[in-house]
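First up is the structure itself, then whatever we jot down about it.
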2 protein chains.
Amino acid sequence: MGFPRSAARVSFVGGDEGPWKVERQVTICGAPLAQVSALRMEEGEHFLERQASWVLQGVRSNERYLSRDEKAGLTRLQAGLGRPEARWAALIPITKSKAWWELAQDERRAIMEERSHHIALGSKYLPAVARRLFHGRDLGAEFDFLTWFEFADSSRGAFEELVGALRETEEWSWVEREVELQLRRFPWGTGAGSDSGSP
Amino acid sequence: MGFPRSAARVSFVGGDEGPWKVERQVTICGAPLAQVSALRMEEGEHFLERQASWVLQGVRSNERYLSRDEKAGLTRLQAGLGRPEARWAALIPITKSKAWWELAQDERRAIMEERSHHIALGSKYLPAVARRLFHGRDLGAEFDFLTWFEFADSSRGAFEELVGALRETEEWSWVEREVELQLRRFPWGTGAGSDSGSP
């Protein structure tokens with residue numbers, strides 16, 4: 001996928017072409033996204049083209065909630081993206097309510113970590129479930145956040161557990177739109193170009 | 001100026017046309033901006049045109065550091081933009097260092113408020129010196145922040161005191177580029193269209 005190393009714009013292009021095949025696409029809440037069969041990530045701003053159904057924009061940015069200790073802890077635990085064994089990925093675009101964005105910084109932090117344990121929950125599944133967050137709200141993008149996950153076939157259960165636990169938290173009561181795409185890297189056979197259709 | 005009420009993109013266009021006449025333009029640190037004689041603000045993304053020397057982009061966004069009490073305090077104290085008596089304004093574009101952006105949230109908050117008293121300092125000059133912050137970094141804009149100030153002629157000293165005090169703080173040691181434009185609303189005479197050239 002060639003993820004950029006520093007703060008930079010990315011575009012997730014949903015359509016019928018791309019290195020990631022969509023295995024599952026579900027609307028958790030709010031308006032759905034048009035169903036697609038494949039996904040790719042492009043660096044920079046990317047506009048809708050013939051083969052694409054949608055383009056979701058985001059930007060890597062500075063941390064908004066992590067304390068120094070939490071940041072050090074995550075850095076120590078986390079694995080990079082693009083591990084050869086991580087043949088599965090997920091893209092979860094989320095938008096939070098207007099009321100969330102009107103909260104003060106300490107109120108959002110308290111809901112997110114002190115009461116919902118978002119950072120602690122994510123850490124529990126590191127390094128197995130790698131995550132990267134992109135911000136869309138200030139760009140005027142379709143979603144406030146795009147979270148990208150990568151994991152091996154053996155960690156699919158862990159991924160499900162993680163997102164299931166997050167959706168039970170108080171923080172998630174502020175989410176008003178959420179879509180989940182589970183993706184498998186193409187080609188997934190041992191030989192290049194092999195396509196067995198489904199696992 | 002017609003400032004937008006909610007989170008939205010704005011563009012400050014520097015050139016030789018606009019309702020704000022540039023009375024003073026100084027580079028505090030880092031690379032200068034081309035000298036201009038007038039400024040205007042446009043809603044939305046605005047591209048460079050013949051009459052313009054530069055366009056600075058920003059977006060109104062959620063609070064990044066304010067606690068609930070601080071936010072309530074500021075809301076209680078502050079005056080809106082566009083007060084008839086506020087014939088003076090200032091635009092201060094700022095970029096902070098890469099090292100600043102790599103700090104964790106609690107480290108940035110500690111430098112900014114607990115040690116530099118940025119929020120408390122700003123409050124001291126409310127409602128006389130009205131302020132509005134726009135974020136540029138996630139847009140890939142030329143500056144990380146654009147701060148807009150509005151004040152009456154009688155509060156020019158207060159404005160100078162405020163920015164002088166901020167520049168003495170520990171927080172400002174992370175600023176690597178800063179330009180200051182002081183502006184006067186045109187026309188500034190009592191009759192519409194009067195132009196006395198200088199104060």
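Reminder, nothing fancy here: chain letters follow the sequence lines and each chain counts from 1. In what follows, every heavy atom counts, from backbone to side chain, and hydrogens, waters and symmetry copies are set aside.
In this structure, Arg156(A) is positioned above the aromatic face of Trp88(A), its NZ or CZ under 6.0 Å from the six-membered ring centre and within 45° of the axis.
The closest side-chain donor-acceptor pair between Glu43(B) and His46(B), if any, does not fall under 3.5 angstrom.
Between Glu180(B) and Arg167(B) a salt bridge is recorded (basic side-chain N to carboxylate O distance below 4.0 Å). Under the 4.0 Å criterion applied to side-chain N and carboxylate O atoms, Glu49(B) and Arg40(B) are assigned as salt-bridge partners. Looking at Lys98(A) and Glu176(A), no side-chain N of the basic residue comes within less than 4.0 Å of a carboxylate O on the acidic one, giving no salt bridge.
Other cluster members for Val13(A): Leu48(A), Val55(A), joined by side-chain heavy-atom distances under 4.5 Å among Ile, Leu, Val, Met, Phe, Trp and Tyr.
Ring centroids of Phe12(A) and Trp148(A) are separated by less than 6.0 Å, placing the two rings close together. Between Phe145(B) and Trp101(B), the ring centre distance stays below 6.0 Å.
Listed by sequence position, Ala104(A), Gln105(A), Asp106(A), Glu107(A), Arg108(A) are the residues of residues 104-121 of chain A in contact with chain B, using a 4.5 angstrom heavy-atom cutoff. Contacts between residues 63-71 of chain A and chain B, defined by a heavy-atom separation under 4.5 Å, are made by Glu63(A), Arg64(A), Tyr65(A), Leu66(A), Ser67(A), Arg68(A), Lys71(A).
Legend: residues meeting salt bridge (charged side-chain N to carboxylate O under 4.0 Å, His left out) with Glu45(A), ordered by chain and number and at least two apart, are Arg9(A).
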